[in-house]
Amino acid sequence: MELFSGKEVRQFTSELMNKINGEIQSFSDQKIKSCNVNEWIEYYYSKYSLYPIVLYENNITQSMVEEKIKKYNPWFKNNHYENEFFMTDGYCITFTIPYDGSAELLKLKPNTYIMTSFEVVDLTMPSNDNYGLISLDFKYTNQELKEKENPKQFVEDQFSKKFDSYKKMIEYVNSEIELFNLSIRDKIQHYLNERRIKATDFEMISEKLNLPLHLSANAPNISPIPLKRIERLPKVSLPQNRPIPKEYSISDADYKNINNIIHSSCTSMENTARTFNKIGEEELRDIIISNLSTHYIQQVTGETFRKVGKTDIHISFENKSAFIGECKIWHGIKNFKEAISQLMGYSTWKDSKMSLIVFNKNNKDFGSIRLVIEQWIKENTNRYNQENANVWQCTLHRPDINENINLCIMVYDITV
C-alpha cells in the first residue's frame, strides 16, 4: 500500500465543499428561510471538518521475524544461465507507529511533496476505542546485520531516515487541512446566505407577478374557482443519525496520561523498595496523589466520597466524570476480587475509566502474583491488552448500568 498517492488535497477539499453546497442548494425555500444559520454552520462543520494526523512517536514498537530475503544475482548480467535472483536467510523488522486523525488524509497528495514512494505494509484506521497504526517493514540479510558493528543502531538509523520523509509529508498535508478547517465556516455561511437570497428573490418576484386576470366581460365567473386540495401531512426531513458525544466522559488521552504518571511513580517505588516497604496503604496512595497533583490543575483528592464508600484516588474533570483509582496491598486473590467490587461500587454511570494499583510487600514469588491476576483477567474481562509485564488495560461490562468500563490493573513489587 502506498501513502500520499491519491487525490490532491485541494481536489479532495474542493469536492467536500461542492457536496456541502449541493446539500444546501437542495433546501426548500421554506426550509432555508426558517432555518437557524449558525446551527447549520456548526452542523456542517462537525460533519465535514477534518482532523489533522497526529503521530505518537514515543509509542513506536518493533518486532522481528526470520524470513527468506530475495536478492539480485550480480552474475546474471554476464551469464544468463544464472538465476536473476536468489533467496537467502534474513530478517524482517517491522516498525509500528500509532497515530490518530482522519485516516483518509494519509492517502492524499499535498501541494508540496517529496518525489519518492511511501510504501507501508499495513494501515489500520483509528476507531472510537483505539488509535490507528502505520506499519513499515525493513528487510536485511543475515550477513548484512552481522557485518554491522552496532546492528541495532544501524536499523534504527535506517528507520529514522526513512520515516523523516513520511513525517514531512504529513506536515504538508496537515498544513493544507488546517487552512481548510479555518475557511469552512465562512464558506458554509456564504452558501446558506446565497440560498436564502435566492429564496427571497423568488418570493418577491412571485408577488410582483401575481397580477389580476383580464377576463372577458361575458365570462360567467369573474374570479378563479377555488379548488379543494387533498390535505397532506407536512414533509419531514430525513432524520440525521448523529452519535451522541460522550461529553460526560474524561478523554482517553487524559486517562492514559494519568496511568502513565501512576506507573512512573510506582516504578520508582520498586527501585527503592526498602524505603516504601515500610509504609502503609494510605501513605503509598498519598505519594501517588502528590505526583498526580503536579500534573493536573483539577482537584486530586484521596478518600473522596463516591456513591457508596470512599475511593482512594479521585480526579474530577470540570463537570465531567471522575477518574477513580484504588490502592491495595496484595493479600491474595480473594482480596483482589473484593477491591474490584469496591471500585465498581464507588463508580456512577459516568465513571467509565478507573485503575487498581496493587503493591506486593510480603510475597517473595512476585511472578506467581502476576500469573494469578492475569488468569482472573482472562476469565472476567471482555478484552484486555498487556501494556507491560505488570500492567493490563482491560474492558469489563457492567450489566447493572449496561456500560463498558475501562479498568487498568497495575501491580508492583516492593518486597525487601
Side-chain angles (χ1 to χ4, degrees), residues 56 59 61 63 96 98 100 124-133 246 248-267 285 288 306-309 311-315 320-360 363 365-413:
Y56 299 97
N59 300 93
T61 59
S63 61
T96 302
D100 208 354
T124 305
M125 306 299 174
S127 66
N128 289 336
D129 298 324
N130 296 304
Y131 300 119
L133 298 172
K246 285 196 173 184
Y248 54 81
S249 178
I250 66 174
S251 72
D252 290 340
D254 278 323
Y255 180 51
K256 184 177 179 67
N257 192 46
I258 290 168
N259 285 326
N260 285 340
I261 295 167
I262 293 173
H263 180 63
S264 296
S265 300
C266 295
T267 301
R285 176 206 66 194
I288 295 172
R306 193 72 176 167
K307 195 177 178 183
V308 291
T311 182
D312 273 1
I313 303 172
H314 177 277
I315 305 177
K320 300 180 182 180
S321 68
F323 166 83
I324 290 178
E326 187 74 13
C327 293
K328 291 292 179 186
I329 305 297
W330 175 260
H331 292 297
I333 191 63
K334 181 182 177 183
N335 293 79
F336 175 82
K337 293 177 182 178
E338 289 174 355
I340 299 288
S341 298
Q342 266 187 307
L343 269 173
M344 297 304 169
Y346 294 154
S347 63
T348 68
W349 66 274
K350 296 191 295 183
D351 306 321
S352 61
K353 296 181 173 79
M354 54 187 69
S355 298
L356 174 62
I357 307 105
V358 179
F359 292 99
N360 172 45
N363 194 325
D365 187 3
F366 183 60
S368 66
I369 295 175
R370 290 191 289 110
L371 289 175
V372 169
I373 290 175
E374 185 167 7
Q375 186 61 37
W376 182 91
I377 290 169
K378 289 177 180 178
E379 294 173 356
N380 293 278
T381 63
N382 291 6
R383 60 180 181 272
Y384 72 93
N385 177 45
Q386 188 167 5
E387 299 185 348
N388 289 291
N390 59 330
V391 177
W392 297 264
Q393 184 62 59
C394 312
T395 302
L396 297 81
H397 185 72
R398 283 189 60 182
D400 56 328
I401 57 174
N402 195 27
E403 288 281 351
N404 283 336
I405 301 297
N406 294 308
L407 173 64
C408 185
I409 299 175
M410 299 177 260
V411 56
Y412 301 94
D413 187 23

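For clarity, every value in this text was computed on a predicted model and none was experimentally measured.
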Q. Stepwise, does the side-chain contact (heavy atoms from CB on, under 4.5 Å) test hold for Ile409 with Ile357?
A. CA-CA 6 Å; Ile409 299 175; Ile357 307 105; over 6 Å; no
**Q.** Trace of the side-chain contact (heavy atoms from CB on, under 4.5 Å) decision for Leu407 with Gln393
**A.** CA-CA 6 Å; Leu407 173 64; Gln393 184 62 59; 5.6 Å; no
Q. Passes ring-ring contact (aromatic ring centres under 6.0 Å, His included), Tyr412 versus His263? Steps please.
A. CA-CA 9 Å; Tyr412 301 94; His263 180 63; 5.7 Å; yes
(Q) Show, in sequence, the C-alpha distance, side-chain angles and deciding distance for Thr395 and Asn382, and conclude whether the side chain to side chain donor-acceptor pair (under 3.5 Å) test is met. (A) CA-CA 6 Å; Thr395 302; Asn382 291 6; over 6 Å; no
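For the pairing with Trp376, the ring-ring contact (aromatic ring centres under 6.0 Å, His included) check across Phe336, Tyr384, Trp392 returns one residue only, Phe336.
Between atom NZ of residue Lys328 and atom CG of residue Asn335 there is a gap of 8.5 Å, rounded to the nearest 0.5 Å. In this structure, CZ in Arg370 is found 11.5 Å from CD1 in Ile377, a value given to the nearest 0.5 Å. With rounding to the nearest 0.5 angstrom, the CD1 atom of Ile405 is 12.5 Å from the SG atom of Cys394. Note that CD1 of Ile313 is 8.5 Å distant from CD of Glu326, once rounded to the nearest 0.5 Å. Within the model, atoms CG of Asn388 and CG of Asn390 stand 6.0 Å from one another, a figure rounded to the nearest 0.5 Å. Here Lys337 contributes atom NZ and Asn380 contributes atom CG; the two are 7.0 Å apart, rounded to the nearest 0.5 Å.
Side chains of Met410 and Cys266 form no contact here, defined as non-hydrogen atoms less than 4.5 Å apart. When side chains are defined from C-beta on, Asn404 does not count as touching Leu396, because their heavy atoms never get closer than 4.5 Å. Using a 4.5 Å cut-off on side-chain heavy atoms (C-beta onward), Asn59 and Lys256 make contact. At least one side-chain heavy atom of Val358 sits less than 4.5 Å from a side-chain heavy atom of Leu356. With a 4.5 Å cut-off on side-chain heavy atoms, His397 and Asn402 count as touching.
Partners of Trp330 according to the ring pair (Phe, Tyr, Trp, His ring centres under 6.0 Å) rule, which considers only residues two or more places apart in sequence or in another chain, do not exist here.
Listed for the Asn385 side chain is no donor-acceptor partner under 3.5 Å among the backbone atoms of Glu387. Of the possible polar contacts, none joining the Gln375 side chain to the Lys378 backbone as a donor-acceptor pair under 3.5 Å is found.
Residues Asp365 and Asn363 approach most closely at N-OD1, 2.8 Å, considering heavy atoms. When all heavy atoms are compared, the tightest approach of Ile288 to Cys327 is CD1-SG, 3.8 Å. In terms of heavy atoms, Tyr255 sits closest to Cys408 at OH-N, 3.2 Å.
Aromatic ring orientation, Tyr56 versus Tyr131: tilted (interplanar angle from 30° to 60°).
The existence of a salt bridge linking Arg383 and Asp129 is confirmed by a sub-4.0 Å separation between a basic side-chain nitrogen and an acidic carboxylate oxygen.
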